[in-house]
Colleague: 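Here it is, the structure, as structure tokens.
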Amino acid sequence: MKRPTVVVLGAGYGGLSVITKLQKLVNADDADIILVNKNDYHYESTWLHEAAAGTMAPDAVRYDIGGVLDKGKVNFVQATVENIDTKAQKVITDRSEISYDYLVVGLGFEGETFGIPGLKEHAFSIANVKAARQIRDHIEYQFATYSLEEVKDPSRLTIIVGGAGFTGIEFLGELADRLPELCEEYDVDPKAVRILCVEAAPMVLPGFDEELVEYAVNYLKSKGIEFSIGTPLTEATPEGVKIKKGEDVFEEIPAKTVVWAAGVRGNSIIEKAGFDNMRARIKVDPDLRAPGHNNVFIVGDCALMINAQTERPYPPTAQIAMQQGAHTAHNLVALFKGDELEPFTPDLKGTVCSLGENEAIGEVFGRKITGKKAAMMKKVIDNRALYILGGPGLVFKKGKLNMF
Ligand code: FAD
């Protein structure tokens with residue numbers, strides 16, 4: 001019998017978890033396994049806010065995919081996926097077409113602008129390593145230009161962060177760390193810098209414990225960060241943003257840097273390929289297959305799963321993406337053997353939100369933690385992800401080892 005071809009799209013947390021688990025579970029002649037990814041590197045999406053703020057070098061956020069592959073079992077194809085033809089069981093890339101018997105889609109997230117005018121054109125999004133590097137360089141350029149200008153333009157030192165969710169707050173924490181260095185490097189008075197977080201919802205970090213949220217907001221305010229909560233950002237322009245402060249009350253804020261961190265959606269390839277979807281995410285069956293597609297699994301941010309207790313979707317996280325990836329590897333092996341597939345249930349261990357290098361808040365195994373302890377836990381979590389995908393060697397090479 002012809003051995004099956006498994007094609008995994010995306011070498012993020014989900015896709016790479018499928019591959020690293022599958023290569024342990026199968027022999028080389030059990031299946032042809034192909035991994036397709038745009039770049040020859042994986043990046044830690046959960047560290048992108050550090051690269052964007054400039055507290056970590058963009059290179060430190062990524063590592064070679066080849067280093068974690070068993071090349072006797074997995075064939076890596078560096079290509080950009082352009083479409084998926086589920087009828088013909090083919091993936092169309094910018095380089096070639098790849099046929100599959102089983103497909104795993106782990107193409108990750110894209111920024112969601114909710115149709116707000118000007119955001120796509122005038123705001124940055126912390127979407128990948130290249131975008132993070134661009135944000136860092138842009139902020140530095142604004143500081144450098146301001147320091148040279150004879151007539152100072154204050155909007156060069158105004159940074160608007162749209163969204164007080166997880167990504168927005170983590171990015172603000174890094175900016176708070178980076179700012180003193182930037183001011184010193186470019187001879188800028190820290191009082192001239194303004195960082196404002198604009199959030200449409202009435203609260204910061206929805207879903208987090210109130211006491212922890214208060215801790216985070218107070219900490220960031222103590223670092224000079226301003227919050228405008230319950231004020232939707234209604235437009236981005238080349239000059240800055242417009243925010244709605246009340247019924248028919250709008251304020252224009254001149255700002256040369258606008259970073260939109262208020263929403264993610266799945267990968268647009270999901271829409272293009274014609275799957276039933278909600279914002280490019282597929283509401284998956286309990287075994288993580290796409291409804292109506294018995295040979296297509298969806299992992300990570302492209303998968304939509306409803307939490308039965310809260311009746312709301314699970315938030316898209318690396319934690320869930322990695323668990324889904326490992327689970328899918330087991331289910332693929334079950335399919336090869338003709339066994340029953342197992343349903344997936346997330347095993348949530350907690351969440352830690354960083355507020356810079358040495359500050360964080362979190363709920364881990366049901367316990368609330370703050371400050372240095374939480375920051376240390378965050379590094380443990382970051383290193384654990386490296387360990388699961390690449391073993392101790394990867395932790396020594398790329399890990400956050402400055403724990404204290
Ligand atoms: P990704 O990790 O995004 O990987 C997708 C992969 O697909 C990438 O390698 C990409 O290059 C590739 N790809 C995309 N399009 C194509 C294409 N057309 N062709 C080929 N390849 C393609 N989650 C947590 O659990 N904890 C956190 O602390 C946390 N912090 C975060 C901080 C930030 C700043 C951000 C942005 C996210 C954070 N998240 C966190 C969320 C987490 O990063 C995502 O949920 C996770 O990355 C999803 O994994 P994934 O495998 O679906 O996609």
Side-chain angles (χ1 to χ4, degrees), residues 7-19 35-53 56 61-63 65 76-84 91-95 98 104-112 125-132 135 161 163 165-174 259-270 272-273 280-282 298-304 314-325 328 346 348-355 360-362 374 377-379 381-382 384-385 389:
V7 176
V8 177
L9 306 182
Y13 291 105
L16 217 46
S17 296
V18 178
I19 289 290
L35 171 65
V36 184
N37 195 63
K38 199 181 272 188
N39 309 299
D40 60 359
Y41 57 83
H42 160 94
Y43 51 85
E44 297 290 300
S45 304
T46 60
W47 303 6
L48 286 176
H49 55 289
E50 296 170 67
M56 181 183 274
V61 171
R62 62 184 181 177
Y63 57 82
I65 290 168
F76 174 61
V77 175
Q78 185 181 348
T80 298
V81 176
E82 289 178 342
N83 210 341
I84 301 165
V91 175
I92 296 100
T93 80
D94 60 343
R95 302 219 165 141
I98 305 168
V104 183
V105 183
L107 291 170
F109 64 91
E110 290 175 5
E112 173 61 275
S125 162
I126 311 174
N128 52 48
V129 179
K130 289 174 190 167
I135 295 170
V161 177
F166 206 86
T167 302
I169 294 295
E170 287 205 318
F171 180 54
L172 289 164
E174 296 303 318
V259 178
W260 182 243
V264 288
R265 65 201 321 275
N267 193 299
S268 45
I269 296 289
I270 295 284
K272 211 171 157 191
R281 301 178 77 199
I282 298 174
I298 314 293
V299 296
D301 287 4
C302 292
L304 179 70
Y314 283 103
T317 65
Q319 185 179 184
I320 292 182
M322 290 181 77
Q323 291 177 12
Q324 289 175 328
T328 298
L348 300 181
K349 299 183 191 328
T351 312
V352 180
C353 175
S354 66
L355 304 169
I361 54 166
M377 181 55 78
K378 180 78 173 178
K379 287 176 190 163
I381 294 168
D382 288 347
R384 184 173 175 271
L389 295 176

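Index from 1, following the sequence. In each ligand, atom 1 is the first atom listed, and ligand 1 is the first ligand listed. Here the structure is a predicted model, which means the values were calculated and not measured.
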Colleague: Closer than 4.0 Å to some heavy atom of Asn267 - which atoms of ligand 1 meet that?
Modeller: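 With Asn267 as reference, the close atoms of ligand 1 come out as 14 (C), 15 (N).
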Colleague: Pick whichever of Leu16, Thr317, Leu107, Thr351 has a heavy atom sitting closest to atom 22 (C) of ligand 1.
Modeller: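 Residue with the shortest heavy-atom distance to the ligand atom: Leu107.
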Colleague: State, to 0.1 Å, how close Val81 and Val91 come at their nearest heavy-atom pair, and which atoms those are.
Modeller: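 Here Val81 and Val91 meet closest at CG1-CG1, 3.9 Å.
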Colleague: Around atom 32 (C) of ligand 1, find the nearest protein heavy atom and jot down its residue, atom name and distance.
Modeller: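 Of the protein heavy atoms, Glu170 OE1, 3.6 Å lies nearest.
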Colleague: Short list, please: which atoms of ligand 1 are under 4.0 Å from a heavy atom of Ile126?
Modeller: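 Answer, ordered by atom number: 36 (C).
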Colleague: Considering only heavy atoms, which of Gly10, Ser45, Gly12, Gly266 lies nearest to atom 3 (O) of ligand 1?
Modeller: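 Among Gly10, Ser45, Gly12, Gly266, the closest heavy atom to atom 3 (O) of ligand 1 belongs to Ser45.
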Colleague: By number and element, which atoms of ligand 1 are closer than 4.0 Å to a non-hydrogen atom of Gly300?
Modeller: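 Heavy-atom distances to Gly300 below 4.0 Å select 52 (O).
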Colleague: For ligand 1, is there an atom lying under 4.0 Å from some heavy atom of His42?
Modeller: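 His42 does not count as a contact of ligand 1 under the 4.0 Å cut-off.
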Colleague: Leu107 and Ile270: side-chain contact (heavy atoms from CB on, under 4.5 Å), yes or no, with the steps?
Modeller: CA-CA 9 Å; Leu107 291 170; Ile270 295 284; over 6 Å; no
Colleague: State, to 0.1 Å, how close Asn83 and Ile269 come at their nearest heavy-atom pair, and which atoms those are.
Modeller: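 Taking Asn83 first and Ile269 second, the nearest heavy atoms are N-CD1, 4.3 Å.
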Colleague: For ligand 1, which atoms, with element, lie under 4.0 Å from some heavy atom of Gly106?
Modeller: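 It comes down to these atoms of ligand 1: 5 (C), 6 (C), 7 (O).
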Colleague: Can you pull out the closest protein heavy atom to atom 12 (C) of ligand 1? Residue, atom name and distance to 0.1 Å, please.
Modeller: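 Residue, atom and distance for the closest contact: Asn37 OD1, 3.2 Å.
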Colleague: Can you list the ligand 1 atoms lying under 4.0 Å from a non-hydrogen atom of Ala321?
Modeller: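 What qualifies from ligand 1 is 49 (O).
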Colleague: Provide, to 0.1 Å, the distance between atom 40 (C) of ligand 1 and the closest protein heavy atom, together with that atom's residue and name.
Modeller: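 Checking every protein heavy atom, the shortest distance to atom 40 (C) of ligand 1 gives Thr46 CG2, 3.3 Å.
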Colleague: What residue and atom, counting heavy atoms only, is the protein's closest point to atom 46 (C) of ligand 1, and at what distance?
Modeller: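 That would be Tyr13 CD1, 3.7 Å.
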Colleague: What do we get for Phe171 next to ligand 1 when only non-hydrogen atoms under 4.0 Å count, side chain, backbone, both or neither?
Modeller: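 Within the 4.0 Å criterion, Phe171 makes no contact with ligand 1.
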Colleague: List the residues meeting salt bridge (Lys or Arg N to Asp or Glu O under 4.0 Å) with Arg265, not counting sequence neighbours, and say none if there are none.
Modeller: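 Arg265: salt bridge (Lys or Arg N to Asp or Glu O under 4.0 Å) contacts with Glu112, Glu271.
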Colleague: Quick one: closest heavy-atom pair of Tyr13 and Ser17, and the distance?
Modeller: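 Smallest interatomic distance, heavy atoms only, reads O-OG, 2.5 Å.
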Colleague: Name the option, out of Tyr43, Phe109, Tyr41, that contains the heavy atom nearest to atom 36 (C) of ligand 1.
Modeller: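 Considering heavy atoms of Tyr43, Phe109, Tyr41, the nearest to atom 36 (C) of ligand 1 sits in Phe109.
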Colleague: If you look only at pairs with a residue in residues 8-19, which of them pass as a salt bridge (charged side-chain N to carboxylate O under 4.0 Å, His left out), with sequence neighbours excluded?
Modeller: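 Sorted result for residues 8-19: empty, none.
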Colleague: Under 4.0 Å, heavy atoms only, figure out whether ligand 1 is touched by the backbone of Ala79, its side chain, both or neither.
Modeller: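 Backbone only; the side chain of Ala79 stays clear of ligand 1.
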Colleague: Side chain or backbone of Trp47 under 4.0 Å from ligand 1, or both, or neither, by non-hydrogen atoms?
Modeller: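 The answer is neither; Trp47 stays 4.0 Å or more away.
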Colleague: Show me which atoms of ligand 1 lie under 4.0 Å from any heavy atom of Thr167.
Modeller: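 It comes down to these atoms of ligand 1: 33 (C), 34 (C), 35 (C).
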Colleague: Could you find the nearest protein heavy atom to atom 23 (N) of ligand 1 and give me its residue, atom name and distance?
Modeller: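 Answer, as residue, atom name and distance: Ala318 N, 3.1 Å.
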Colleague: Is the number of heavy atoms from other residues, nucleotides or ligands within 6.0 Å of NZ (Lys349) greater than 12?
Modeller: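 Result for NZ/Lys349: enclosed.
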Colleague: State whether the number of non-hydrogen atoms from other residues, nucleotides or ligands found under 6.0 Å of Arg62 atom CZ is greater than 12.
Modeller: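 Check passes, neighbour count above 12.
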Colleague: Just let me know how Ile381 lines up against ligand 1, side chain, backbone, both or neither, with a heavy-atom cut-off below 4.0 Å.
Modeller: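 Neither part.
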Colleague: List ligand 1 atoms under 4.0 Å from Pro316, heavy atoms only on the residue side.
Modeller: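 Per the distance check, 41 (C), 45 (O).
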Colleague: Closest non-hydrogen protein atom to atom 53 (O) of ligand 1, residue and atom name please, with distance?
Modeller: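 Closest protein heavy atom to atom 53 (O) of ligand 1: Gly108 CA, 3.1 Å.
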Colleague: Check Lys378 against ligand 1 and report side chain, backbone, both or neither, counting heavy atoms closer than 4.0 Å.
Modeller: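 The answer is the side chain.
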Colleague: Under 4.0 Å from any heavy atom of Gly14, which atoms of ligand 1 are there?
Modeller: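 By the 4.0 Å cutoff, the relevant atoms are 51 (O).
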Colleague: May I ask you to identify the nearest protein heavy atom to atom 18 (N) of ligand 1, giving residue, atom name and distance to one decimal place in Å?
Modeller: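 Here the nearest protein heavy atom works out to Val81 O, 3.1 Å.
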